[in-house]
Number of protein chains: 2
Amino acid sequence: MAEQNDKTAPATLMDVAKKAGVSIATASRVLNGSTRKVRNDSYVKVMEAAKKLNYRPNAYAQAVAKGTAPSIVLLVSDISDPYFASVSQGVVKAAGEQGVAVTIGVAAGPKEELEAVRKAVATRPRGIIISESEYVDAPERTALEAELKQYEASGGRAVFILNRNLPFPAVDVANEVGARAIAKLVVDSGYRRPAILKGDDNHRSSRERLAGVLDVLGKAGISVDPRAVANGRFSRTEGYAAVMQLARTGLLTAGDGALYDGAGVDAVIALNDVMAIGAMTALRANGIEPGREIGVTGFGDIPYSADVHPSLTTVHLPLIEMGQAAVDCVLAAHDEDETAAPQPANRLIFVQSAPDIVLRESLPRR
Amino acid sequence: MAEQNDKTAPATLMDVAKKAGVSIATASRVLNGSTRKVRNDSYVKVMEAAKKLNYRPNAYAQAVAKGTAPSIVLLVSDISDPYFASVSQGVVKAAGEQGVAVTIGVAAGPKEELEAVRKAVATRPRGIIISESEYVDAPERTALEAELKQYEASGGRAVFILNRNLPFPAVDVANEVGARAIAKLVVDSGYRRPAILKGDDNHRSSRERLAGVLDVLGKAGISVDPRAVANGRFSRTEGYAAVMQLARTGLLTAGDGALYDGAGVDAVIALNDVMAIGAMTALRANGIEPGREIGVTGFGDIPYSADVHPSLTTVHLPLIEMGQAAVDCVLAAHDEDETAAPQPANRLIFVQSAPDIVLRESLPRR
DNA sequence: CTGTTAGCGCATTCAT
DNA sequence: ATGAATGCGCTAACAG
């Protein structure tokens, strides 16, 4: 028939075993097995055969035979967000060093997230790292928890990046501490009329940061008008939109209906770097030079915060290290297994107890 | 024994078949099979059983049984580069719509790339998309080509993003056309003493862009001093370093040894956005206000080029669409298969024949 | 329509 | 040290 070398099927273990004149078991041992106990004689023959046939093990077959695969899946809500990009970089790097592959899935909302988790579970990975951040109280929460719990029961590890109050370990940072620090800096630098750009109310990190900022501000005698606290998601676009909105409604700059008794805002405290960057662009769109007329702060210290102008004064978060920590958590759990005491399910892994403030140009003393 | 529900193994197809009182084949048909031909009666029973047991198909087992898996792997050299981030976004989006999963691998150099391809092949994916860009002439090139050819022979599809002159289809853009356009803009805007920031010489896109720019400049009567063409990779850091180097050696600003007979540079043409952004920061570090004293242009139009200040005048590249085109190419090849005429191996897929120039603030008329 | 059977490619006892 | 045999979870003919 037309059974030509048209579509040369990849060589299988059997092929190389046959060509090497050994059993399939022996071939398996030299090519993959851990403690190889084969005579150097046949070892060589197998290797040669494998090379000639250009043998590549079928990862799936190995996985099904072993019952698990050396991979972990990482779920993010948007790869093109520099925040997630940095975290992903850390995850990929750490995983790569351990020889485990990472599959990156993208899930924008809670529904997609649940769906993505189901698909992830189907691949029986060593662990699932979830770096989503919003919607802590979405209705899917229960289903998500159940799904993940079952996954854990089957031997997998679920880890969150940024705590969501779900009973799973989470890599976290001291949000509130960082928020206090940046708020203190704003006050100490002479600003008295701040606007705050926060994320979704369901976003835990946003809430923690907001609480920290508000508390420090309050103790400094600054009462923040509710209208000065702008909603949005943690995105460049929403940071931009929030400031535009403030400007459009006359709240931003000195004038009759402006915030702070008509004096207007003198600082924008964004609870996230990309929002801050969007905000700066919006400020300019309104003829306001950020850093000069209005101070701006961010949160996160993404790579580009150093390249915007004025460069962004922000709270440093060890993004890459967070990704690495998540991987460590997944892999460590596999190694120890039953040896150590079972870690509490909701353990928090702090990669940094006290976030540093990065002083740049967007918040000059005044 | 201690064979408790300690580590509840995930339910298998057999489990649900048993619980539903049907054969494993029937269960498979309702849960996964395409053209299900089962009585509504047993359909319901299987679904219920699956729900109760929280059945999740084992993706690996499916893959090994089918001989292939609904996934494609994407290789990039750095996820945190906004350029790759955008491309990846396109890939993930398009793939997601077709129900195929994307595994993102990171490979920094040619060696890692080859290694990554080998691992990728082991998972027998529908296709492999390579978005690396440098080192077109690395010694690994031959091995890479062989590996990929063999992969194709076994039914897979390899696609490059940005042509590398390897015999595989590639999603490409009109680099030289775009380069000519931006160079023309520079000249027409009144600049006469440009410095050029290019990428690695092995980087094909960089070479094409350089050729375009140089040609237009030459025809405009501008001869570019070799020292005005700075080397580097396509990274923010190298863009920064290149300008710092120019400044340090006194080539940049008017003075005795400066370029262009001591007049110094009046424009920086970066062949890549991130280099341009790094360059702007470096300019500032030398007390030069980019856009005002020295014009700057980029290439690529990454999202952040709109947020830097001055916002970057650049060549728009449909990054997301490029990612989508790549997965279309992979998937289309699978559908048609033998129906259509076999596409030439080195086919170029242009997502945009004539890149648009995005006029912003970094290159004012002078 | 549904159950039986035979693989898929590989890891792994269990003998030898 | 090595080979034969068994099973992993599932799909796909193949018969009923």
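The sequence lines fix the lettering, A, B, ..., with proteins before strands; numbering per chain opens at 1. Keep in mind the model is a prediction, meaning the values are calculated, not measured.
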A.B. asks: Using 4.0 Å as the upper bound for N to carboxylate O, is an ion pair formed by A/Glu97 and A/Lys93?
C.D. replies: yes

A.B. asks: Closest-nucleotide mapping onto DNA chain C: is A/Ala65 or B/Ile24 further toward the 5' terminus? I mean the 5' end.
C.D. replies: B/Ile24

A.B. asks: Roughly how many Å is it from CG in A/Asn58 to P in C/dG9, rounded to a whole number?
C.D. replies: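 Atom CG in A/Asn58 sits about 7 Å away from atom P in C/dG9.
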
A.B. asks: Testing the basics here: between A/Phe84 and A/Ser131, what is the closest heavy-atom pair and its distance to 0.1 Å?
C.D. replies: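 Distance-wise, the nearest heavy atoms are CE2-O, 2.7 Å.
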
A.B. asks: Using whole Å, report how far CD of A/Gln62 lies from P of C/dG9.
C.D. replies: 13 Å

A.B. asks: Taking only the side-chain nitrogens and oxygens of B/Tyr60, find out if one of them lies under 4.0 Å from OP1 or OP2 of C/dA11.
C.D. replies: no

A.B. asks: On the nucleotide D/dA1, are OP1 or OP2 found under 4.0 Å from the side-chain N or O atoms that A/Ser42 carries?
C.D. replies: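 For D/dA1, OP1/OP2 do not have a side-chain N/O of A/Ser42 under 4.0 Å.
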
A.B. asks: C/dG3 phosphate, OP1 or OP2: any side-chain N/O from B/Thr26 under 4.0 angstrom?
C.D. replies: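 Checking C/dG3 against B/Thr26, a side-chain N or O does come within under 4.0 Å of OP1 or OP2.
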
A.B. asks: Verify the contact: side-chain N or O of B/Thr12 to OP1 or OP2 of D/dG9, cut-off strictly under 4.0 Å; return yes or no.
C.D. replies: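 For D/dG9, neither OP1 nor OP2 has a side-chain N or O of B/Thr12 closer than 4.0 Å.
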
A.B. asks: Please report, rounded to the nearest Å, how far the C1' atom of C/dC10 is from the CG atom of A/Leu53.
C.D. replies: 16 Å

A.B. asks: Does B/Tyr55 have a side-chain nitrogen or oxygen under 4.0 Å from the phosphate oxygens OP1 or OP2 of D/dC10?
C.D. replies: yes

A.B. asks: What is the separation between atom NZ on A/Lys66 and atom P on C/dA11, rounded to the nearest whole Å?
C.D. replies: 6 Å

A.B. asks: Can you tell me if B/Asn32 touches the phosphate of D/dC10, counting only side-chain N or O atoms and a distance under 4.0 Å to OP1 or OP2?
C.D. replies: no

A.B. asks: Any chance you could lay out the side chain to side chain contact (heavy atoms under 4.5 Å, CB included) test for A/Val30 and A/Ser42, step after step, and finish with the verdict?
C.D. replies: CA-CA 9 Å; A/Val30 4; A/Ser42 43; over 6 Å; no

A.B. asks: With nearest nucleotides of DNA chain C determined for B/Arg124 and B/Arg39 from heavy-atom distances, which residue corresponds to the more 5′ nucleotide?
C.D. replies: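 Result of the comparison: B/Arg39.
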
A.B. asks: May I ask you to say whether B/Lys149 pairs ionically with B/Glu152, meaning some side-chain N is under 4.0 Å from a carboxylate O?
C.D. replies: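 B/Glu152 and B/Lys149: salt-bridged.
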
A.B. asks: Ignoring hydrogens and angles, answer whether the base of C/dG3 and the side-chain atoms of B/Arg29 contain a donor-acceptor pair closer than 3.5 Å.
C.D. replies: yes

A.B. asks: At less than 4.0 Å, is any side-chain N or O atom of A/Ser28 found next to OP1 or OP2 of C/dC10? Yes or no.
C.D. replies: no

A.B. asks: C/dT5 P sits how many Å from B/Met14 CE, rounded?
C.D. replies: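 My rounded result for the distance is 15 Å.
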
A.B. asks: Does the B/Tyr151 side chain pair with the main chain of B/Gly127, one donor and one acceptor, at a distance under 3.5 Å?
C.D. replies: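 Yes.
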
A.B. asks: Write down the distance between CG (A/Leu13) and C1' (D/dA5), rounded to a whole number of angstrom.
C.D. replies: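 The distance from CG of A/Leu13 to C1' of D/dA5 comes to 16 Å, rounded to the nearest Å.
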
A.B. asks: Taking NZ from A/Lys18 and P from D/dG3, how many angstroms apart are they, rounded to a whole number?
C.D. replies: 14 Å

